[in-house]
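Sequence positions, counted from 1, serve as the residue numbers for this chain.
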Amino acid sequence: MKVSLNWLRDYFEKNYLPVAQAFPSAKEIDFFMPRGGFEVESMEQAGNDTLIDFSITPNRGDCMSVRGLVREIACLGFADAAVPLQKATTFAAEKEHLASVKIDAPSACPLYTGCFIRKMPQNKKAPAWMIERLEKSSIESIHPVVDICNYVMLEMGQPLHAFDADKVKNLCVRFAQNGEKLTVLGGQTLTLASNTLVIADDHGAQAVAGVIGGLDSGVAPATTNIFLESAHFAPEAIAGRARQYGLHTEAAQRFERGVDPALPLIALDYAAALIIEHLGGEIGEYVISKGSEISAPKAIPLRKSRIERILGYEIPSATVEKILTALEMKVQQLSADYQVTPPTFRFDIAKEVDFIEELARVYGYDHLPLHQPRIEQLAPTQMAVDQFQKIRATLTSQGFREIISYSFIGENLQAQCMPNDKAVKLKNPLSAELAIMRTSLWPSLLNTAQYNFNRQQARARYFEIGRVYFNEHDAAKACLKQPMMLAGLMAGAAVPEQWSNKASETDFFDLKGEVELLLDSLKLPITFEKSERPMLHPGQAAKIISQDKVIGHLGRLHPSLQQDFGFAVPVYLFELALEEIALPVHIKCQEISKFPSVRRDFAFLLNRGQAVGEIINFVKAKLGALCVDVIVFDIYQGKNMPADQKSLAFGVVLQDKQETLADEKVTQLSEGLIQSLQTKFAMVLRDK
């Protein structure tokens, strides 16, 4: 929030009791405000004034006003100025509550107030000093009534809106009908969703509540009668609505964070008084409509022992009371402890620890003592940190680069890549491209590869470690799962360009080899089985299995997705459940056999669609403990081979730990294996 230092100083001098110190300089504010949680983004000299841009955190909506900032400056900058701000002077006109506004969404709009102002002279302007303050806060002068509304909003934190009273009738606060149209100030026509709170009349929506007014019902140079609105809207009813329609307004910023429910009538009186004083007119009826009861803040116990335990330091009782009182909290001392009631504008205070955080913030973190931490020796956990380090080291040694991406993706990308996953939708997304919690790390890797290929990077090898999120439904309830995953991507040249290797593109077996190398470094035995995943090529996708459990998938990106992303080369992906692969493996040692091994090679013709991995697993199971290894050294399909067949050649290494294998036993085992393969897989032994 950008604000004039002169305005802050002026408000302090008018609304605070006399204090010994003068208002701080810009340099002093730049020093102590960040220590209290308010970063100063910039300072700009403007004549005899300084424009200060404060960064306000989302939980401190009360400080998006001159009033709130002055409170914090006084509390943080002056130990002797711990007195609450006085209430703003209200307009002392006769009020007759003759009219009302219907509220059909009581929880979204607990309180709606307004007043009619009639017979305003035309061609009036807001005072020059007011326009100057607005411009210094980066708000353009539009219309004198709008200028006064903006001025009150900046000073007190309560957004207001002015309707042309001759253009609206029978106002109602309700949720929009799905598809309802509204042309807002600035000329943009919105197609409203049913989750959007609106101010409507007999002709339809006239404003998006807490965000922006409608063009047709807004004040204009010819307006002489206005209805001035000052309402309290629940933050959850306003949050995200401006972004939903591509808007950004000062009112939405404040209502999203939460506005003091005690302010609407005070701000309404103040704005009406300024309008009558500077523009003229007559005050008419006042409107006060209540939707739902606004619960008053409750007193919360604050224990002195708890303060000392958390902060590690004793703050004098007088200082505790002074700090909390300066923050406009009601403090009642009970023996050594306190009962503290937070003010209505502090939505972020609900527990005892929140008060303690406020004490530490205002008292100064530099006053808190330093202690050497006590560290207890803990037994290694199952998910050992060194396993993560080993995974990163193995992948980076193979030329992969680690990326870190957002946990959110767009709904279109989710539907494009993983249409069947039960994704978690965000209620308040940062943007349309970040509206869904990711169910896989693959979309982030694809976006990264696309970005780099578009910038002439010819080879991509990336990996990411992070959580994915999805809803898992059972008979009783839906449960959010968020497992830690490891995923990788390969595309482009198989090896960097060099003189000793011929140029070739990455293929499925390059990917499979990298995964095998990684899992072998973790001493994790694995097998592969054919699988189908929507994102992967139907003929080049596999499940990764370890100890009868599926721990991941790998394969080539589906051709349709390759085309959608604009990749000129095939893209290969893998994804592994990190909880399954990062468990420490207990290595078992065994004695090396003293007896020689024997190798027998076999060549078969078999069905082209038969998975070779299934055959290898069958051979190992058939030969049992005598089988040391099965080595596939040739697979051929193509010329001089039937279209529905392929040739498979593999070697079997046999070894006995108790004795030397006799030729007769090796022959017997070989013949039995050939017969079993012929029976099980209809394989035909080749003569040559």
Side-chain angles (χ1 to χ4, degrees), residues 394 398 494 500-502 504 507-530 542-548 554 585 587-642 645-688:
T394 302
Q398 293 302 113
S500 61
N501 286 331
K502 292 183 179 179
S504 63
D507 61 21
F508 178 86
F509 296 103
D510 292 321
L511 172 72
K512 184 169 176 281
E514 295 293 355
V515 173
E516 287 177 318
L517 178 65
L518 170 64
L519 297 180
D520 183 64
S521 71
L522 300 175
K523 303 296 185 288
L524 197 67
I526 58 168
T527 56
F528 298 90
E529 288 185 7
K530 182 180 179 181
K543 294 183 287 189
I544 307 169
I545 299 172
S546 178
Q547 300 174 354
D548 299 324
L554 59 80
V585 177
I587 300 174
K588 296 181 180 180
C589 299
Q590 59 184 16
E591 185 180 356
I592 298 175
S593 177
K594 300 176 182 178
F595 303 97
S597 62
V598 178
R599 172 169 170 161
R600 290 290 185 268
D601 292 343
F602 304 89
F604 290 92
L605 291 175
L606 66 156
N607 186 287
R608 189 168 184 173
Q610 175 62 52
V612 174
E614 188 178 352
I615 295 172
I616 294 173
N617 292 335
F618 178 81
V619 171
K620 290 180 178 178
K622 177 69 178 177
L623 298 177
L626 294 178
C627 181
V628 176
D629 198 6
V630 178
I631 305 162
V632 177
F633 58 85
D634 184 62
I635 298 177
Y636 177 77
Q637 53 194 33
K639 189 177 180 180
N640 300 325
M641 183 70 62
Q645 289 188 323
K646 62 183 175 184
S647 170
L648 169 67
F650 61 88
V652 176
V653 180
L654 302 171
Q655 189 176 40
D656 196 327
K657 297 179 181 179
Q658 307 298 327
E659 61 181 3
T660 300
L661 286 174
D663 290 342
E664 294 81 3
K665 187 171 184 177
V666 174
T667 301
Q668 181 184 0
L669 290 171
S670 300
E671 291 175 351
L673 177 62
I674 293 169
Q675 185 176 358
S676 297
L677 290 173
Q678 290 173 338
T679 303
K680 177 73 174 177
F681 300 104
M683 297 169 63
V684 178
L685 187 68
R686 293 184 59 183
D687 296 333
K688 296 182 181 179

K.L.:
Ignoring hydrogens and geometry, is there a side-chain-to-backbone donor-acceptor pair from Ser546 to Ile526 under 3.5 Å?
P.N.:
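Side chain of Ser546 to backbone of Ile526: no pair is present.
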
K.L.:
Please determine whether the number of non-hydrogen atoms from other residues, nucleotides or ligands lying under 6.0 Å from atom CD of Gln668 exceeds 12.
P.N.:
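Incorrect, the count does not exceed 12.
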
K.L.:
Could you tell me the separation between the CZ atom of Phe595 and the CD atom of Glu659, rounded to the nearest 0.5 Å?
P.N.:
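Going from the CZ atom of Phe595 to the CD atom of Glu659 covers 7.5 Å.
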
K.L.:
Ring centres of Phe681 and Phe618 under 6.0 Å apart?
P.N.:
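That pair passes the under 6.0 Å test.
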
K.L.:
Does the pair Lys680 and Ile615 meet the rule for a side chain to side chain contact (heavy atoms under 4.5 Å, CB included), with working shown?
P.N.:
CA-CA 9 Å; Lys680 177 73 174 177; Ile615 295 172; over 6 Å; no

K.L.:
With a 4.5 Å heavy-atom cut-off, do Leu654 and Lys665 have their side chains touching?
P.N.:
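No; the side chains remain at least 4.5 Å from each other.
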
K.L.:
Would a 4.5 Å heavy-atom cut-off, applied to side chains only, mark Leu623 and Val630 as touching?
P.N.:
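A side-chain contact under 4.5 Å is absent here.
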
K.L.:
Please report the interatomic distance CG(Leu554) to CZ(Phe508), rounded to the nearest 0.5 Å.
P.N.:
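Spacing of CG (Leu554) from CZ (Phe508) equals 5.0 Å.
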
K.L.:
What is the minimum heavy-atom distance between Lys646 and Val612, and which atoms define it?
P.N.:
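For Lys646 and Val612, the tightest heavy-atom pair comes out as NZ-CG2, 3.9 Å.
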
K.L.:
Are there more than 12 heavy atoms of other residues, nucleotides or ligands under 6.0 Å from atom OH of Tyr636?
P.N.:
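Atom OH in Tyr636 is packed in, count exceeds 12.
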
K.L.:
Less than 4.5 Å apart, any side-chain heavy atom of Ile544 and any of Leu519?
P.N.:
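Yes, side chains in contact.
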
K.L.:
Closest heavy-atom contact between Leu677 and Phe650?
P.N.:
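Closest pair (atom of Leu677, atom of Phe650, distance): CD1-CZ, 4.0 Å.
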
K.L.:
Which pairs pass salt bridge (charged side-chain N to carboxylate O under 4.0 Å, His left out) with one or both residues in residues 596-611, sequence neighbours excluded?
P.N.:
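Residue pairs with at least one partner in residues 596-611: Arg599-Asp601.
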
K.L.:
Apply salt bridge (Lys or Arg N to Asp or Glu O under 4.0 Å) to Lys512 and list each qualifying residue two or more places apart in sequence or on a separate chain.
P.N.:
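Counting only residues at least two positions away or on another chain, Lys512 forms a salt bridge (Lys or Arg N to Asp or Glu O under 4.0 Å) with Glu516.
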
K.L.:
Is there a side-chain contact between Leu673 and Phe602, using heavy atoms and a 4.5 Å cut-off?
P.N.:
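Contact flag for Leu673/Phe602 side chains = yes.
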
K.L.:
Do Thr660 and Pro596 have side-chain heavy atoms sitting under 4.5 Å apart?
P.N.:
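Yes, side chains in contact.
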
K.L.:
Calculate, to the nearest 0.5 Å, the distance between atoms CG and CE belonging to Leu605 and Met683 respectively.
P.N.:
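Between Leu605 CG and Met683 CE, I get 9.0 Å after rounding to 0.5 Å.
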
K.L.:
Answer yes or no: is there a donor N or O on one side and an acceptor on the other, between the side chain of Ser593 and the main chain of Asp656, under 3.5 Å?
P.N.:
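Looks like yes, one N/O pair under 3.5 Å.
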
K.L.:
Which residue pairs pass the side chain to side chain donor-acceptor pair (under 3.5 Å) test when at least one of the two sits in residues 612-630, sequence neighbours left out?
P.N.:
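Qualifying pairs: Gln610-Glu614, Lys622-Ser676.
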
K.L.:
Distance from Gln547 atom CD to Thr527 atom OG1, nearest 0.5 Å?
P.N.:
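Result: 10.5 Å between the selected atoms.
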
K.L.:
Can you see which heavy atom on Phe633 is nearest to which on Gly651, and at what distance?
P.N.:
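Answer, listing the atom of Phe633 first, then Gly651: CE2-N, 3.6 Å.
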
K.L.:
Give, for atom CD1 of Ile631 and atom CD1 of Ile616, the distance between the pair rounded to the nearest 0.5 Å.
P.N.:
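That separation rounds to 10.5 Å.
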
K.L.:
Would you say Gln675 has more than 12 foreign heavy atoms packed within less than 6.0 Å of its CD?
P.N.:
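12 or below, so no.
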
